Amino acid sequence: MPVTPEEAALLEECFATTAEISAGFARIPQEELEAAKTCYASRSGLFRATFPPQADEDDPFATFLGLWSDPDFPCFDADLTVSADPGGEGQVAYIHGHEVDVSALASLIQKVCKSALPFGFEWALVTDQDRPGGFGGGYFVVTETEILGGSTHWLMHETLQTLRAGA
């Protein structure tokens with residue numbers, strides 16, 4: 001996806017931050033809260049502006065952890081590559097991996113990559129065993145205010161529900 005240099009740097013910082021915040025760090029014991037505050041204070045001004053502390057939360061990373069449906073496991077399970085745009089305009093971010101948290105990535109793109117919006121991406125779901133639900137995929141279209149789409153299983157289910165309701 002095409003991004004500005006600032007967005008590329010923020011994406012890289014977000015990926016680095018997830019590496020620093022282990023699954024156990026998500027629910028911070030009181031004695032480690034000062035370490036979390038120190039870590040948060042060391043983030044860039046753009047990171048802190050994009051993911052400001054929540055007034056009702058002690059954990060300064062609460063807004064950032066809100067990207068995940070399970071904030072106790074903040075991991076994109078993806079790799080990020082940023083390179084110069086071949087067209088000479090800005091940079092290009094490429095996110096890929098296995099068992100990627102596509103919902104968290106859609107939320108990250110919505111918060112961080114404003115210049116790329118609206119943006120869409122697809123994913124595939126495959127398994128090496130022939131079983132129901134073992135194959136599929138989906139898509140997300142990310143706008144400034146919405147994240148549309150979902151898995152092919154969810155889309156199929158919604159279409160069937162609509163058809164059954166109209167019958």
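Keep in mind that what you see is a predicted model, and the values were worked out from it rather than measured.
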Participant: Considering all heavy atoms of both residues, which atom of Cys39 and which atom of Ser42 are nearest to each other, and what is their separation?
Facilitator: O-OG, 2.6 Å
Participant: Relative to each other, are the rings of Phe64 and Phe76 parallel, tilted or perpendicular (30° and 60° limits)?
Facilitator: perpendicular
Participant: Could you walk me through whether Ser151 and Trp123 pass the side chain to side chain contact (heavy atoms under 4.5 Å, CB included) test, one step at a time?
Facilitator: CA-CA 9 Å; Ser151 71; Trp123 73 90; 4.2 Å; yes
Participant: Do Cys14 and Leu108 have side-chain heavy atoms sitting under 4.5 Å apart?
Facilitator: yes
Participant: Apply the test side chain to side chain contact (heavy atoms under 4.5 Å, CB included) to residues Val92 and Val3: give CA-CA distance (whole Å), side-chain angles for both, the deciding distance (0.1 Å), then the verdict.
Facilitator: CA-CA 6 Å; Val92 175; Val3 294; over 6 Å; no
Participant: How close do Thr152 and Gly136 get, counting heavy atoms only, and between which atoms?
Facilitator: OG1-CA, 3.5 Å
Participant: Is there a path from Phe47 to Val82 through hydrophobic residues (I, L, V, M, F, W, Y) whose side chains come within less than 4.5 Å of each other?
Facilitator: yes
Participant: Using side-chain heavy atoms (C-beta onward) and a distance below 4.5 Å, is Gln91 in contact with Pro2?
Facilitator: no
Participant: Side-chain heavy atoms under 4.5 angstrom apart, residues restricted to Ile, Leu, Val, Met, Phe, Trp, Tyr: same cluster for Val100 and Trp68?
Facilitator: yes
Participant: Where is the tightest heavy-atom contact between Ala78 and Phe15, given as atom of each residue plus distance?
Facilitator: O-CE2, 3.6 Å
Participant: Flag the pair Phe121 / Ile109 as yes when at least one side-chain heavy-atom distance between them is below 4.5 Å, and no otherwise.
Facilitator: yes
Participant: Is the side chain of Glu122 donor-acceptor paired with the backbone N or O of Gly137 at a distance under 3.5 Å, no angle test?
Facilitator: no
Participant: Spell out, as yes or no, whether a donor-acceptor pair under 3.5 Å connects the side chain of Thr63 to the backbone of Pro52.
Facilitator: yes
Participant: Quick test of your reading of the model: are Glu13 and Arg48 salt-bridged, counting only N-O distances below 4.0 Å?
Facilitator: no
Participant: Side chains of Thr4 and Lys114: closer than 4.5 Å at any heavy-atom pair?
Facilitator: no
Participant: Tell me, yes or no, whether the heavy-atom count around His98 atom NE2, taken from other residues, nucleotides or ligands under 6.0 Å, exceeds 12.
Facilitator: no
Participant: Verify side chain to side chain contact (heavy atoms under 4.5 Å, CB included) between Tyr40 and Asp59, making sure each step is shown before the conclusion.
Facilitator: CA-CA 9 Å; Tyr40 180 81; Asp59 182 353; over 6 Å; no
Participant: Show me the pairs that pass side-chain hydrogen bond (donor to acceptor under 3.5 Å, both in side chains) and involve residues 103-112, at least two apart or across chains.
Facilitator: none
Participant: Should Leu117 and Thr143 count as side-chain neighbours, where that means a heavy-atom distance under 4.5 Å?
Facilitator: no
Participant: Would a hydrophobic clustering, with Ile, Leu, Val, Met, Phe, Trp and Tyr connected at side-chain separations under 4.5 Å, put Phe119 with Val102?
Facilitator: yes
Participant: Side chains of Phe51 and Pro60: closer than 4.5 Å at any heavy-atom pair?
Facilitator: no
Participant: Would you say Glu57 has more than 12 foreign heavy atoms packed within less than 6.0 Å of its CD?
Facilitator: yes
Participant: Check whether any side-chain heavy atom of Leu11 lies under 4.5 Å from a side-chain heavy atom of Cys113, and answer yes or no.
Facilitator: yes
Participant: Enumerate, atom names and distances included, each donor-acceptor pair closer than 3.5 Å involving a side-chain atom of residues 156-167, sequence neighbours excluded.
Facilitator:
{"unit_1": "Thr159", "atom_1": "OG1", "unit_2": "Leu155", "atom_2": "O", "d": "2.9"}
{"unit_1": "Thr162", "atom_1": "OG1", "unit_2": "Glu158", "atom_2": "O", "d": "2.9"}

Participant: Is any side-chain heavy atom of Asp101 closer than 4.5 Å to a side-chain heavy atom of Cys75?
Facilitator: no
